[in-house]
K.L.:
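Have a look at the structure that comes next, please.
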Amino acid sequence: MPEGHSIHRLARQFTSVFAGQRLSVSSPQGRFAAGAAQLDGQTLVGAAAHGKQLFLEFDNELFLRIHLGLYGAFDFGGDETFRGASSIGAPRRVGEREIADDGEAAYAGPPPPKGAVRVRLVSNHGWADLRGPTACEVITPGEQRAILAKLGPDPLQPEADPEEFVRRLNARSSPVGLLLMNQEVLAGVGNVYRAEVLFRRQVSPWRAGKALDRDQTLQLWNDVVSVMADGVAAGRIITTLPEHRNDASTPVPTAEAHYVYKRQGLPCRICGTEIAVTDMAARKLYWCASCQDR
DNA sequence: TCTGTATGTCAAA
DNA sequence: TTGACCTACAGAC
């Protein structure tokens, strides 16, 4: 599920299984052959996420910048150091994806690449395959700084400044439903968190950013921080509170995970009004017209 | 075999 | 505001 929480999980995963290791880098598909050659044989220093951007830092002072876009996904495999991290990114089928660890025999090297593998990273202990990214390029530290400078604060970074979010949101007259998706305002939120957080804070998606007062804006920020931190921990987006679910079972069923996202025509979990859907800037926007009146 | 769909972004009109 | 693009898969034909 490539909103910001998935990218942070990836950064954590790359750091834990590949940092300090020399990597073979290749492009089985061929589309990233030149970039792979610049990184092949280098040691991974570490990985970091800012919003939906993933940066892999190599010890020749180059970064691999990856943006998964809609379809991008990583698959992992390897020995026991890779257990528990099999696959992060877009779902293979509708719904959330958490692939079970098969716990099978010892690692014997990566399998033949299946499908369009843009990049394959291989260490002595395991491998990672990247498919379908929107962006996959080698950049310099200066280029990385330029990219970071454009992005808004990332709610998943402990040092992120809420006041920066307040400034960026309250300065604009666009609807808050658009602004939450704008990576220059807030880095990491996508269509699911946008809809869900606006519902949780009872904010109308059409309120202008500058029409929200400081408290409301900070509450939005705090809610994004909380719900995205949960997303990192769970590996999926769950925004409903237990008291708003019909089914108390765990793990939370997909049908109970959201308040409004993809629930058009179904009754609002709070007030029973039918959840509505419309297009906003070519993306589906889901909301409850009755609850979201602030 | 073809179509539709998806948690995203960019450039062109 | 629209179309193009990245990929895989379910479901319809």
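Numbers restart at 1 for each chain; the letters A, B, ... are given by sequence-line order, proteins then strands.
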K.L.:
Between A/Leu186 (CG) and B/dT9 (P), how many Å, whole number?
P.N.:
12 Å
K.L.:
Using whole Å, report how far CE of A/Met280 lies from P of B/dT9.
P.N.:
16 Å
K.L.:
With a non-hydrogen cut-off below 4.0 angstrom, is A/Gln53 in contact with a base, only sugar-phosphate, or nothing?
P.N.:
nothing
K.L.:
How far, in whole Å, is C/dA4 from B/dT3 if one measures between their P atoms?
P.N.:
15 Å
K.L.:
Would you say CD of A/Glu243 has more than 12 non-hydrogen atoms from neighbouring residues, nucleotides or ligands within 6.0 angstrom?
P.N.:
yes
K.L.:
When you measure from the side chain of A/Asn191, which nucleotide among B/dT9, C/dA8, B/dG8 comes out closest?
P.N.:
B/dG8
K.L.:
Could you tell me how far B/dT9 sits from C/dC9 if I compare only their P atoms? Round to whole Å.
P.N.:
23 Å
K.L.:
Would you indicate which nucleotide in B/dA6, B/dT9, C/dA8 comes nearest to any side-chain atom of A/Lys262?
P.N.:
B/dA6
K.L.:
Take the protein atom CZ of A/Phe74 and the nucleotide atom P of C/dA8, then report the distance between them rounded to whole Å.
P.N.:
14 Å
K.L.:
Send over the distance from A/Lys52 NZ to B/dG8 P, rounded to a whole Å.
P.N.:
4 Å
K.L.:
Would you indicate, yes or no, if B/dA6 has its OP1 or OP2 atom less than 4.0 angstrom from a side-chain nitrogen or oxygen of A/Arg283?
P.N.:
no
K.L.:
Return no unless some side-chain N or O of A/His67 is found under 4.0 Å from OP1 or OP2 of B/dT9.
P.N.:
yes
K.L.:
What's the gap between B/dT1 and C/dC6 when it is taken at their P atoms, as a whole Å value?
P.N.:
22 Å
K.L.:
Please report the distance, rounded to the nearest Å, between CD in A/Gln29 and C1' in C/dT7.
P.N.:
9 Å
K.L.:
How long is the line joining CG of A/Asp279 and C1' of C/dG3, in whole Å?
P.N.:
15 Å
K.L.:
Checking contacts here: which listed nucleotide (C/dT7, B/dA6, B/dT9) is nearest the side-chain heavy atoms of A/Tyr261?
P.N.:
B/dA6
K.L.:
Using atom P of each nucleotide, how far apart are C/dC5 and B/dA13 to the nearest Å?
P.N.:
14 Å
K.L.:
What contact category does A/Arg31 fall into here, base, sugar-phosphate, or nothing, at under 4.0 angstrom with non-hydrogen atoms?
P.N.:
sugar-phosphate
K.L.:
May I ask you to decide if A/Leu218's main-chain N or O and A/Arg214's side chain share a donor-acceptor pair within less than 3.5 Å?
P.N.:
no
K.L.:
Hey, does the side-chain of A/Tyr71 have a donor or acceptor N/O within less than 3.5 Å of a partner on the base of C/dA8?
P.N.:
no
K.L.:
Does A/Phe55 have its ring centroid less than 6.0 Å away from the ring centroid of A/His50?
P.N.:
no
K.L.:
Between A/Gln183 and A/Val189, is there a donor-acceptor pair closer than 3.5 Å when you use the side chain of the first and the backbone of the second?
P.N.:
yes
K.L.:
Would you check, one step at a time, whether the test ring-ring contact (aromatic ring centres under 6.0 Å, His included) holds for A/Phe199 with A/Tyr261?
P.N.:
CA-CA 10 Å; A/Phe199 177 87; A/Tyr261 178 74; over 10 Å; no
K.L.:
Would you mind telling me which of C/dT2, C/dT7, B/dG8 lies closest to the side-chain atoms of A/Ala282?
P.N.:
C/dT2
K.L.:
When the distance from NE2 of A/His5 to P of B/dG8 is rounded to whole Å, what number comes out?
P.N.:
10 Å
K.L.:
What is the distance, rounded to the nearest whole Å, between atom CG of A/Leu130 and atom C1' of C/dA8?
P.N.:
14 Å
K.L.:
May I ask you to decide if A/Gly72's main-chain N or O and A/His67's side chain share a donor-acceptor pair within less than 3.5 Å?
P.N.:
no
K.L.:
Can you tell me, in whole Å, how much space there is between the P of C/dC13 and that of B/dT5?
P.N.:
13 Å
